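For clarity, every value in this text was computed on a predicted model and none was experimentally measured.
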Amino acid sequence: MSETGSKTLSLKADPDGSLEAAREAVAAGRCVVFPTDTVYGIGCAAFDAEAVKGLLAAKQRGRDMPPPVLIAESSMLRALAATVPEPARELVARFWPGALTIIVTAQRSLPLELGDTRGTVAVRVPGHDQARALLRRTGPMAVSSANLSGQSAATTAEEAQRMLGDAVAVYLDGGDAPGGEASTIVDFTGEEHGRVLRQGAIGIDALREVVPGLQAAD
């Protein structure tokens with residue numbers, strides 16, 4: 001695969017071959033686009049600093065907007081987070097896999113160079129079988145919505161390719177993204193019971209059924 005070329009592969013026609021091609025691209029330090037339960041994401045190896053730079057460059061985004069990390073299983077959260085407050089555990093138990101991103105303090109020993117995170121990491125387990133199948137092959141991935149910064153997130157592979165072009169090595173086409181709305185982000189590095197930073201697919205009322213003390217976004 002050339003450094004400037006890209007290919008679009010159908011997850012419906014050849015899921016195993018498409019996932020393997022994406023895994024190879026990620027292992028080579030390239031970016032891939034794939035469907036999630038919310039919108040299409042652009043991702044790369046989370047522990048590859050140069051690959052993360054490529055992801056941010058593809059989106060025309062700076063280090064001040066670091067990407068979240070997607071993982072295949074909730075049990076992997078312990079390897080990324082220094083601590084996971086009990087309210088965060090309760091939300092994870094209820095909403096993972098799903099459209100919930102939590103921000104926690106990152107393990108200091110991890111080689112994470114995602115941008116200006118101030119020692120934190122945003123983590124999510126997507127509720128999408130093929131996304132998790134890819135993550136099982138690649139390990140944790142830095143993933144952001146598949147779009148240029150300031151534009152609407154792509155809900156199809158075609159939309160993503162029109163915006164990101166050859167900056168992405170492999171586009172996995174799984175049809176329309178089933179969600180179409182970004183994940184809800186809850187920060188657990190400040191408030192005891194967490195604070196919503198971005199209202200997304202999961203409403204605050206549903207979150208407060210689990211954690212009544214959750215703070216709303218400013």
For the residue pair V33 and V168, what are the closest heavy atoms and their distance? N-CG1, 3.7 Å
Which value, rounded to the nearest 0.5 Å, describes the distance between L11 atom CG and L19 atom CG? 5.5 Å
So do R23 and V26 actually touch side chain to side chain, heavy atoms under 4.5 Å? no
Could you list the residues that satisfy side-chain hydrogen bond (donor to acceptor under 3.5 Å, both in side chains) with R137, not counting sequence neighbours? E20
Sequence neighbours excluded, which residues qualify as side-chain hydrogen bond (donor to acceptor under 3.5 Å, both in side chains) partners of S74? none
Summary of salt bridge (Lys or Arg N to Asp or Glu O under 4.0 Å) pairs that have at least one residue in residues 196-211, sequence neighbours excluded: none
Can you check whether F188 reaches T83 side chain to side chain, under 4.5 Å on heavy atoms? no
Rounded distance (nearest 0.5 Å) linking atom CE of M65 with atom NZ of K59: 7.5 Å
Residues that, via side-chain heavy atoms closer than 4.5 angstrom, fall in one hydrophobic cluster with L197: I103, I185
Side chains of T8 and L172 in contact at under 4.5 Å (non-hydrogen atoms): no
Can Q161 and Y40 be said to form a side chain to side chain contact (heavy atoms under 4.5 Å, CB included), step by step? CA-CA 11 Å; Q161 192 161 20; Y40 270 72; over 6 Å; no
More than 12 heavy atoms of other residues, nucleotides or ligands under 6.0 Å from CZ of R136: yes or no? yes
Should F95 and I202 count as side-chain neighbours, where that means a heavy-atom distance under 4.5 Å? yes
Hey, are the side chains of S144 and L55 touching, using non-hydrogen atoms and a 4.5 Å cut-off? yes
What are the two closest non-hydrogen atoms of T38 and S183, and how far apart are they? CG2-N, 4.0 Å
Side-chain ion pair, D48 and R30, N-O less than 4.0 Å: no
Inspect the surroundings of CD in E192 and state if more than 12 heavy atoms from other residues, nucleotides or ligands are less than 6.0 Å away. no
Residues V143 and P67: closest non-hydrogen pair is O-CB, 3.9 Å
Restricting to side-chain hydrogen bond (donor to acceptor under 3.5 Å, both in side chains), what partner residues turn up for D187, sequence neighbours left out? T189
Between R132 (side chain) and E73 (backbone), is there a donor-acceptor pair under 3.5 Å? no
Given side chains that start at C-beta, do those of L70 and L135 come closer than 4.5 Å, heavy atoms only? yes
Answer with yes or no whether the side chains of S6 and D166 bring together a donor and an acceptor at under 3.5 Å. yes
Work out which heavy atom in V125 is nearest to a heavy atom in A72; give both atom names and the distance. CG1-O, 3.6 Å
Work out which heavy atom in W96 is nearest to a heavy atom in V123; give both atom names and the distance. CZ2-O, 3.3 Å
Contacts satisfying salt bridge (Lys or Arg N to Asp or Glu O under 4.0 Å) that involve residues 94-113 (not counting sequence neighbours) are none
Please tell me if the side chains of Q199 and T184 come closer than 4.5 Å, counting only heavy atoms from C-beta onward. yes
Where do L91 and L207 come nearest, in terms of heavy atoms and distance? CD2-O, 3.7 Å
In the structure I gave you, are the side-chain heavy atoms of L112 and T117 within less than 4.5 Å of one another anywhere? no
